[in-house]
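Hydrogens, waters and symmetry mates are skipped; everything else that's a heavy atom, side chains included, is used.
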Amino acid sequence: MAKNTKKSSSSSSSSGMWGLNKISFWIIVAVTILYAVALILAACGVSSVAVSALQGIAAAAMIVIVSILAWRYVRPKQAVWKVLYFVCLLIVIAGIIVPLVVQ
């Protein structure tokens, strides 16, 4: 009889590596800490520039993860999808940076 020694690919490939799921979880934890610090600073009346900067950093960290997932979706598609991806990404980045600079 032939034994079935094949392991599940999800358990063997992600056991010791920093997969996207694990990175996503820790980014959410870090973003939660940044937002909590920004909330405390805002409640204490600290400069709104510091609060906005912390919130911008938190948003940027989440956008990085989402953009990686979006690129995995867009990569095999036609060029128009890739152009749309980059245009949207540039607008999102500008939406984070411009308000920080204008203040």
Shared hydrophobic cluster for Trp26 and Val64 (ILVMFWY, side-chain gaps under 4.5 Å): yes
Interatomic distance, Thr32 atom OG1 to Ile27 atom CD1 [nearest 0.5 angstrom]: 11.0 Å
Cluster link Ile91 to Ile68, ILVMFWY, side chain under 4.5 Å: no
Flag, side chain of Lys77 to backbone of Lys82, donor-acceptor distance under 3.5 Å: no
Non-hydrogen atoms of Val31 and Ala61 that approach each other most closely: CG2-CB, 4.0 Å
Euclidean distance, Leu84 CG relative to Leu89 CG, rounded to 0.5 Å: 11.0 Å
CD1 on Ile65 to CD1 on Ile28, rounded to 0.5 Å: 8.5 Å
Cluster overlap Ile63 with Phe86, hydrophobic side-chain contacts below 4.5 Å: yes
Shared hydrophobic cluster, Ile33 / Tyr35 (ILVMFWY, side-chain heavy atoms < 4.5 Å): yes
Distance in Å, Tyr85 OH paired with Leu90 CG, rounded so as to fall on 0.5 Å steps: 10.0 Å
Single-linkage hydrophobic cluster Met62~Val29, side-chain heavy atoms < 4.5 angstrom: yes
Ring geometry between Trp81 and Tyr73 (parallel below 30°, tilted from 30 to 60°, perpendicular above 60°): perpendicular
